[in-house]
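One structure below.
In the text below, chain A, chain B and the rest are named by the order of the sequence lines, each starting its count at 1. All values reported here derive from a predicted model rather than from experimental measurement.
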Amino acid sequence: MTSASPRSLDPEVLARISALEFRARHIVEGLVSGRHASPFRGGSATFAQHRQYSAGDDLRYLDWKIWAKSDRLYVKEFEEETNLRATLVLDASASMNYGAADTNKFAYARLLAGSLAYLLLRQSDSVGLIVGDEEGRTTLPHRNQQGHLKSLLAGMTQAKPAGKIDFSKTIARVLDVEPKRGLVVFFSDFFVDPESIRRGLQQLRQRRHDVVLFHLLHDDEIEFPFQGTTRFESLEGPEMLTCDPVGLRRDYKAALERFLGTLRRNCASDRVDYRLVRTREPMDAVLSALLRERMRP
Amino acid sequence: MPPVLHPWLLAGLGLVAVPILIHLIHRWRFRRVEWGAMDFLLDSQRKNRRRLWLQELLLMLLRVAAVALIVLAVARPQAIGGWAAWLGASTAREHVVLLDDSLSMGQKTPTGTALGNAKAALTKLLDDLARRFESPTVTIVRTTRPTQPEFSRVELNHTNRSAIDTFLQALVPSNRPDSPAAALEWAQGWVREEGRTIDVLHLIGDYQEKDWPDGGPIPDQLRALANAGTVINLMDVTTKAEENLLLESVDVVQGLPVAGVSLVLEATVRNVSGRPQQAVLTPHVGHRPLTSQTLSDIPAGGSAEGRFELYFAEPGTQDLSVALEQDALAIDNIRLLPIDVADSMPVLIVDGSAARRDSLFLSLALDPDDEAGTGIAPEVRDPDSLRPEDLSRYAAIYLLNIGRLPPSVAGELHKYVEEGGGLAIFAGDRVEPERFNAELGPGGADILPAPVGERVRVESAVDPSEGDLRPLEHPMFRFFTKERNSYLGTIAIPDRIELVEEQLAPGSRVIARHRDGAALILSRSVGRGRVVFIATTAGDAWTSWPQNPTYVVAMLHLNEYLAAPRLNRSTSTIGAPWNLSFAVSEFRPQVEIERPTGLQSGPMSRTVQADLAGSTATVKLDDAEVPGFYRVTRTRIDGRRETTTRAFNIDVADSDLNKISADRLEQQLQGIPHSLQSAGETTGDAGESRFELKDLLVAILVFVLVGEQFLGYTMSFHRP
């Protein structure tokens, strides 16, 4: 499956992420069972039993029918799927290979996905990995052991950006490996047909998946700061263009803005958590923002 | 195409290819970026393709235009005629004509004289001015009278035009040489000091090479006028350099103007044409021609001399002249020389030797006896008898063994020599070097060729045939230097005084040396006269020379040499003043002046009053414009009339008719906007209005460069 060539997460980032786990530990009942009020809501919640009301219990869970019949107060207890199944989808198309060093999109996506995987595994959630490319291949199934992190990181490391991503196939693969409700997190630049993105997200939402889109873009792709005669060679095909970038800048940015606007609107209408991330942004800030928003009551 | 000042610079228009090449190279040198968001880029490119193409094209056109404008601005094109007027050039109303009427304009050309051609060109010019311009004004200046315009800013109406035509009809070439430089200087002063505007300057002449030397003033003068906005129009009225011979000089070179004694006249002919020429010289005495002489193969640019021996039986003034055959320029083919033939030629011998022994030898040499007929009349005096007096009546003066001179006589000697007299000084035992040098050297009369030293005695030569006198090239020894003369070998000069050759005075040279190499005889030119110093005695006290046959010949030649300047001083150049002073105690102040009216016309006489200043009266003649003999007749108190004749000849400086070549003229005029009309093509074009486009091109260039910078910046071709 995976070779023993783990890439460790940045200790500093890990340290910051760990500090965010305080809320999760507070609401989880019992670390052993791993049952906790996860920030990522489980796919289902089934009735387990009644117990007598104690002061401080959430009044939302009072069984009013019993009170009506017996004039006694009882609260319902549910059996929740606290072992959340999270599927991380890592875009490994060639366009993700833009940027140098720490601002490289794929490197950033890999690190971001790895950080999130660690957080989820520490909370005993299951994490699986799909590396999205032309074939939509699956890299790793869902596991919730701590040691699975190394496998996940190794799998991300082995992936090399190449070719184009077939978003439809990738969605189909996600639905295939995760038929039940779960968390699907995309790490991609989404340089594909917007309609295929919309259809795919709709399919996921129909299965009631909690979908998060980390839309990763390099500053150059947003600002288009190039000057002087430049030959742009496509990372994903034979197209090339020699031009004066300044002359094209305005319309390029307008086209990009239209695309981003369409994506935002589609995500909003499908209640998909859309997050535009520049690869120069500090990663802990990105994750912190996600967790804070998710933990908001 | 408008005229261009530097047409050769238009080759620089090839540089317009440079921006195109740079643009192409720029396109080929690009930065490569592997890009992910290609779709957005292609979308933008599709929308902007046409606009970007137009921008690049415009940028390249601006750069090409900038290069072309720079090249054109440097080449300096001009708009002419209507275009010039539209652009703001003046309508060229003020015209100044500088008309060359110098001596050379009398040259004959295939179409008439050069001045005739100039008049025709000027007439055409005036016709053109009247036709093309509204109320033009004309100033006409003769180059020989640059400060006195013939016509100053006159409108070309009927009346003024008639006056100009009358002036032109009467105009004849001046007898003076001239260059347009003086007239151009006047024109510059007219513009500078009087604030006038000269729209067009027309320079009509024969464009002699001598007027356009390298580094001469005319190109700078024209440039200054052009920079002040004057259009320069050059009109050359001669097609080629006419072949010309001229008589440069006529001098008496041998003999004395004494009745019964022959004299030799030498005429120098110069060939200023481009090929060897033959000259036929004919001397005249009065109007009587003498035998001609032919000088063959005078080289181009060279000269040749012809000699004539003349003999006058009776004393009196003789009008001598020498003439050449007529050629392109007649005025320089005759040379005049008046000769006063005397009964005898007095010479003064001042002898300080004991018993006047030295003068005996000299007197006998100069005037052997009546039968020899040298014409020389020696007058021997003691040094103590000398007084300050007028020495001018003596043809030559000889100082023999002089110890000291009476006071102020030294000054009179200097004046005598300076005014053309000849002085010979012989050494002797009376000569005291210190006093001699003080009286006659630089601190005194300043007539010595070199300081004198002590007496020197030299042992006789071992070989008796080896003489002590070694003459050099000089008229005094002309019969001795051309071939070995056996008599020279017998001359012994055991005693002499030392001459400080290292301190030769200006104009001095050694003309004979002693056997031991020391300077023996020196010659010096002082003013118009001559001084010869002989470092031994005139008599036999220190030398055996007086007893040698060569002594007589040498002394006669020495006398000729000393007297020659006075013989040739009765000539002047046209335009030079002639002042004749005399004592009112000797002559009456009314004098009669006879002047020629032309070479073919008779003379004209008038009586004038001499200017009186104390006891001296002076007759001034400063307007001799016609070559010929001018005579001033004075009347003595006792009623006797005395006539002094002077010949005025032309200055031959203008006789070189060689023309400046077209290439040299253009080279000298490089950078000066001008038009040049060659002879035969003079259309009378008044010189159209011209507007130099340089400033306009530079203004356009500024806009083009600003536009290029702006467009380049917006297209990111200029990195911040």
(message) Using a 3.5 Å distance criterion without hydrogens, assess whether the side chain of B:R51 forms a donor-acceptor pair with backbone atoms of A:G247.
(response) yes

(request) Find the distance between OH (A:Y252) and CG (B:L42) and round it off to the nearest 0.5 Å. (result) 11.0 Å

(message) Between A:R258 and B:D43, does any side-chain N to carboxylate O distance fall below 4.0 Å?
(response) yes

(request) Would you check if the distance from the ring center of B:F40 to the ring center of A:F224 is below 6.0 Å? (result) no

(message) Please classify the contact of A:M96 with chain B as side chain, backbone, both or neither, using a heavy-atom distance under 4.5 Å.
(response) neither

(request) Pick out which of A:D251, A:L248, A:T242 makes a side chain to side chain contact (heavy atoms under 4.5 Å, CB included) with B:Q45. (result) A:L248

(message) Tell me the closest heavy-atom pair linking A:E221 and B:W35, and the distance in Å.
(response) CA-CH2, 3.6 Å

(request) Output the distance between atom CG (B:L41) and atom OG1 (A:T230), rounded to the nearest 0.5 Å. (result) 9.5 Å

(message) As an exercise, state the distance from CG of A:D244 to CG of B:L59, rounded to the nearest 0.5 Å.
(response) 10.0 Å

(message) At a 4.5 Å cut-off on heavy atoms, which part of A:F191 comes close to chain B: side chain, backbone, both, or neither?
(response) side chain

(request) Can you establish whether the number of heavy atoms outside B:Q55 located under 6.0 Å from its atom CD is more than 12? (result) yes

(request) Starting at CG of B:N48, measure out to CZ of A:R250 and round the result to the nearest 0.5 Å. (result) 6.5 Å

(message) Quick one: does any side-chain atom of A:S234 pair with a main-chain N or O of B:M38 as donor and acceptor, under 3.5 Å?
(response) no

(message) Please find the pair of heavy atoms, one from B:G36 and one from A:S95, that lie closest to each other, and give the distance.
(response) CA-CB, 3.9 Å

(message) So for A:D220, is it side chain, backbone, both, or neither that comes closer than 4.5 Å to the heavy atoms of chain B?
(response) both

(message) Please report the interatomic distance CD(B:E56) to SG(A:C243), rounded to the nearest 0.5 Å.
(response) 10.0 Å

(message) Can you confirm whether more than 12 heavy atoms, excluding those of B:R32, are under 6.0 Å from its CZ atom?
(response) no

(message) Nearest 0.5 angstrom please: A:L241 CG to B:S44 OG, how far?
(response) 9.0 Å

